[in-house]
Enquirer: 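Handing you a structure now.
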Amino acid sequence: MEPTQNSFLSEVVQASGEKLQACYQCQKCSAGCPVAYAMDILPNQVIRHIQYDHRERVLSSKTIWICASCYTCSVRCPNNIDIAKIMDTLRNIAIRSGVKPGEKDIPLFHSVFLDAIKSKGRIHELSLILQFKTKTRDFLKDAALGWKMYRKGKIKLFPSKFGGGKEIQEIFNSFEKREAK
Amino acid sequence: MTEVSYYPGCSLHGTAREYDESIRGVADLLHIGLHELEDWTCCGASSAHCTSEELAIELAARNLAIAEKSNRELLVPCVACYSRFKAVEMELKEGSRKIRFPYQGNVPIRYSLDFFCNGTILEEVKKKRTKPLSGLKVVCYYGCLTVRPPKVTGIKEYENPQHMDHLMECLGAEPIPWSYKTDCCGASLVMTRTDIVRRLGQRILSMAKEAEADCLVTGCPMCQANLDTRQEELEKEAGERYDLPILYFTELMGLALGHKDVRKWLGRHITDPMKVLKGKGLM
């Protein structure tokens with residue numbers, strides 16, 4: 001069956017390339033999911049909601065952010081639906097649509113991470129963590145662990161210098177243009 | 001002498017420094033020349049593919065285009081980078097997508113574990129082994145992206161992989177069968193939902209102890225950081241003592257091959273591996 005045009009279902013099918021109409025709700029994806037306990041709707045329910053065009057419910061869920069992209073669901077689906085890939089698609093759509101996310105810190109972390117790549121080209125772990133903490137204002141969390149790691153030589157204090165900057169800028173410029181559309 | 005291009009990725013210049021050092025050390029002993037990719041940039045990791053497919057493809061493709069300038073294979077030790085590169089390779093082969101980089105899709109992308117588990121290298125390892133890891137019981141922890149999804153990794157036994165176990169046998173160690181080989185440790189949520197990560201980590205460490213392992217071996221810098229650096233915190237919360245060293249497979253290769261810097265690599269771990277290794281007469 002082809003999805004109705006302009007429906008949420010057709011949008012997800014087209015963007016992910018996955019035929020999620022084939023889902024017959026066997027729930028194997030949710031049974032094997034290591035983080036299902038922390039989700040507000042289970043992976044099999046996400047698929048059903050998409051089929052019913054419940055756009056808002058899906059895009060504002062915790063689930064799409066809690067998914068750890070471990071691909072256990074995808075390899076166990078008897079209908080070969082790559083559910084983890086669909087979760088990526090849903091996160092992409094949620095960010096583009098500006099829906100209020102069900103989890104605050106996870107999408108925030110991704111945006112800080114991408115800002116770090118944009119400005120330096122590579123991830124300098126310490127700068128990334130400090131940037132993220134500036135946004136969440138949770139400076140004490142893991143501070144003792146950070147000190148231990150520093151003493152073991154695992155924390156590099158300064159980012160390394162290298163080129164590549166112009167091309168990275170171009171990649172981000174066109175990404176930002178697309179998002180603004 | 002085999003010559004390969006090398007993409008260390010961001011972690012190996014920071015928290016996973018001993019992974020980088022041990023790969024370079026082992027490659028040296030096996031006469032494999034590593035050429036670090038010139039001017040490489042971040043692959044975009046999970047944040048890019050969670051945000052925009054196009055952005056994820058372009059950030060990865062830039063590096064692949066650099067790698068394509070030489071005829072060498074590309075060795076990738078970080079499984080997140082590897083997974084991204086392979087996914088992008090697949091995407092570009094399948095579709096008519098246009099990218100800004102002149103990448104033709106001709107770079108053989110090799111994950112470090114798969115690379116070192118190759119038959120010729122294993123034979124070489126057996127020949128050059130100076131200190132067999134006799135009596136060392138290990139659990140091989142593959143994690144997620146080393147094996148999944150198989151359409152990306154090409155691994156056939158993705159529910160019960162054996163290649164790292166086989167490598168450990170070649171080093172003289174004793175790999176123990178256990179059921180958490182490919183369970184997720186939740187590393188992508190480590191900064192944001194530490195509560196979830198703690199729960200998943202506790203299960204893995206607890207099962208490794210139940211299997212009576214002396215140490216856990218991995219090839220993923222995120223899994224390693226997660227299970228090693230947070231172990232004390234997990235022990236406190238679970239009220240259980242793990243004291244389980246989390247080692248890179250390359251560190252154990254270096255130990256069996258008698259590399260002079262093994263002590264330095266192991267000295268960077270938060271959960272101290274020295275006691276166990278000394279107890280087995282390996283240090």
Side-chain angles (χ1 to χ4, degrees), chain A residues 15 34-35 37-38 65-66 68-72 74-75 82 84-85 87-89 91-92 95-96 103 105-114 116-117 120-126 128-129 132 141-142 145 148-149 152-156 160 162-164 167-168 170-172 174-175 178-179, chain B residues 9-11 13-18 39-42 44-56 58-59 62 94-95 100-101 143-145 147-152 158-159 182-189 191-196 199-200 203 225 229-230 232-233 267-270:
Chain A
V35 290
Y37 82 95
W65 300 107
I66 296 286
S69 301
C70 78
Y71 287 91
T72 307
S74 303
V75 299
D82 190 342
K85 191 174 178 199
M87 293 293 179
D88 265 350
T89 303
R91 292 183 275 241
N92 288 194
I95 291 175
R96 257 203 326 267
E103 280 283 323
D105 286 354
I106 302 173
L108 178 67
F109 178 76
H110 293 318
S111 86
V112 172
F113 193 98
L114 291 175
I117 303 178
K120 299 243 163 57
R122 291 181 194 167
I123 292 295
H124 172 243
E125 292 162 327
L126 183 62
L128 171 71
I129 291 167
F132 182 62
K141 188 183 161 195
D142 293 334
L145 178 59
K148 248 197 265 177
M149 290 170 73
K152 293 279 184 178
K154 275 181 170 283
I155 308 255
K156 200 169 157 186
S160 37
F162 68 104
E167 285 173 4
I168 293 292
E170 283 169 14
I171 293 176
F172 275 92
S174 54
F175 159 66
R178 277 194 308 269
E179 296 293 290
Chain B
C10 305
S11 303
H13 276 207
T15 44
R17 200 168 149 191
E18 67 273 26
D39 205 27
W40 59 269
T41 41
C42 176
S46 31
S47 291
H49 71 76
C50 284
T51 305
S52 150
E53 197 181 5
E54 288 83 1
L55 183 63
E58 298 222 309
L59 286 173
R62 177 181 181 273
E94 268 172 20
R100 73 183 67 235
F101 302 105
C144 307
L145 301 176
V147 291
R148 282 189 302 268
K151 65 181 175 194
V152 168
Y158 53 85
E159 292 280 7
T182 62
D183 272 50
C184 178
C185 76
S188 64
L189 301 169
M191 293 291 298
T192 49
R193 285 293 304 262
T194 321
D195 58 318
I196 295 179
R199 177 161 156 162
L200 301 186
R203 267 206 321 213
T229 63
R230 292 188 178 272
E232 204 182 311
E233 182 185 324
R268 301 199 191 286
H269 290 245
I270 302 286

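Order of the sequence lines fixes the chain letters, A, B, ..., with proteins taken first and strands second; residue numbering starts at 1 for each chain. Just so you know, these numbers come straight off a predicted model, no measurement behind them.
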Enquirer: Highest number of heavy-atom pairs under 4.5 Å with chain B: which of A:I129, A:D142, A:I155, A:L128?
Expert: A:D142

Enquirer: Is it the side chain or the backbone of A:I95 that comes within 4.5 Å of chain B heavy atoms, both, or neither?
Expert: side chain

Enquirer: A:A15 versus chain B, heavy atoms under 4.5 Å apart: side chain, backbone, both or neither?
Expert: backbone

Enquirer: Can you confirm whether A:E167 sits close enough to B:T41 that some side-chain heavy atom of one is under 4.5 Å from a side-chain heavy atom of the other?
Expert: no

Enquirer: What distance do B:D39 atom CG and A:R122 atom CZ have between them, rounded to the nearest 0.5 Å?
Expert: 7.0 Å

Enquirer: Can you tell me how far the CG atom of B:L189 sits from the CD1 atom of A:I106, to the nearest 0.5 Å?
Expert: 5.0 Å

Enquirer: As an exercise, state the distance from CZ of A:F113 to OG of B:S46, rounded to the nearest 0.5 Å.
Expert: 6.0 Å

Enquirer: Indicate the atoms forming the closest heavy-atom contact of B:I196 with A:A38, along with that distance.
Expert: CD1-CB, 3.7 Å

Enquirer: Between B:H13 and A:E125, is any pair of side-chain heavy atoms under 4.5 Å apart?
Expert: no

Enquirer: Measuring only between side-chain heavy atoms, which start at C-beta, is A:V75 closer than 4.5 Å to B:E159?
Expert: yes

Enquirer: Distance-only, no hydrogens or angles: does the A:K152 side chain make a donor-acceptor pair with backbone N or O of B:R268 under 3.5 Å?
Expert: no

Enquirer: Are the side chain of A:K141 and the backbone N or O of B:M191 linked by a donor-acceptor pair below 3.5 Å?
Expert: yes

Enquirer: Could you check which of A:Y71, A:W65, A:F132 has the highest count of heavy-atom pairs closer than 4.5 Å to chain B?
Expert: A:Y71

Enquirer: Find the one option among A:T89, A:V112, A:L114 whose heavy-atom pairs under 4.5 Å with chain B are most numerous.
Expert: A:L114

Enquirer: What is the minimum heavy-atom distance between B:S188 and A:A68, and which atoms define it?
Expert: OG-O, 3.6 Å

Enquirer: Can you tell me how far CZ of B:R199 sits from OH of A:Y37, rounded to the nearest 0.5 angstrom?
Expert: 4.5 Å

Enquirer: Looking at A:R91 and B:C50, what are the two nearest heavy atoms and their distance?
Expert: CB-O, 3.2 Å

Enquirer: Only pairs of heavy atoms separated by less than 4.5 Å count here; which of A:D82, A:L108, A:I66, A:D88 has the most with chain B?
Expert: A:D88

Enquirer: Heavy-atom distances under 4.5 Å only: say whether B:L55 touches chain A with side chain, backbone, both or neither.
Expert: both

Enquirer: Of the backbone (N, CA, C, O) and the side chain (C-beta and beyond), which part of A:I123 lies under 4.5 Å from a heavy atom of chain B, both, or neither?
Expert: both

Enquirer: Side-chain contact test, heavy atoms from C-beta onward, threshold under 4.5 Å: evaluate it for B:R203 versus A:P34 and give yes or no.
Expert: yes

Enquirer: Enter the distance from A:F109:CZ to B:S47:OG here, rounded to the nearest 0.5 Å.
Expert: 5.5 Å

Enquirer: Within this structure, what is the CZ-CD distance for the pair A:R178 and B:E54, rounded to the nearest 0.5 Å?
Expert: 4.5 Å

Enquirer: Taking side chain as C-beta onward, heavy atoms only, is B:R193 less than 4.5 Å from A:D105?
Expert: no

Enquirer: Please examine the side chains of B:E232 and A:L145, heavy atoms only from C-beta on, and report whether any two atoms are closer than 4.5 Å.
Expert: no

Enquirer: Taking the side chain as every heavy atom from C-beta outward, state whether B:R148 and A:C70 have any atom pair closer than 4.5 Å.
Expert: yes

Enquirer: Ignoring hydrogens and geometry beyond distance, is a side-chain donor-acceptor pair present between A:S74 and B:K151 at under 3.5 Å?
Expert: no

Enquirer: Pick whichever of B:E53, B:R17, B:H269, B:R230 has the most heavy-atom pairs under 4.5 Å with chain A.
Expert: B:R230

Enquirer: Under a 4.5 Å cutoff for heavy-atom pairs, which residue among B:E18, B:R100, B:E58 has the most contacts with chain A?
Expert: B:R100

Enquirer: List in chain and number order the residues that pass ring pair (Phe, Tyr, Trp, His ring centres under 6.0 Å) with A:H110, two or more places apart in sequence or in another chain; answer none if no residue qualifies.
Expert: none

Enquirer: With a 4.5 angstrom heavy-atom cut-off, could you sort out which part of A:E103 is near chain B: side chain, backbone, both or neither?
Expert: side chain

Enquirer: What are the two closest non-hydrogen atoms of B:T15 and A:M149, and how far apart are they?
Expert: CG2-CE, 3.4 Å

Enquirer: Less than 3.5 Å apart, any donor N or O on the side chain of A:E179 or B:S52 sitting next to an acceptor on the other?
Expert: no

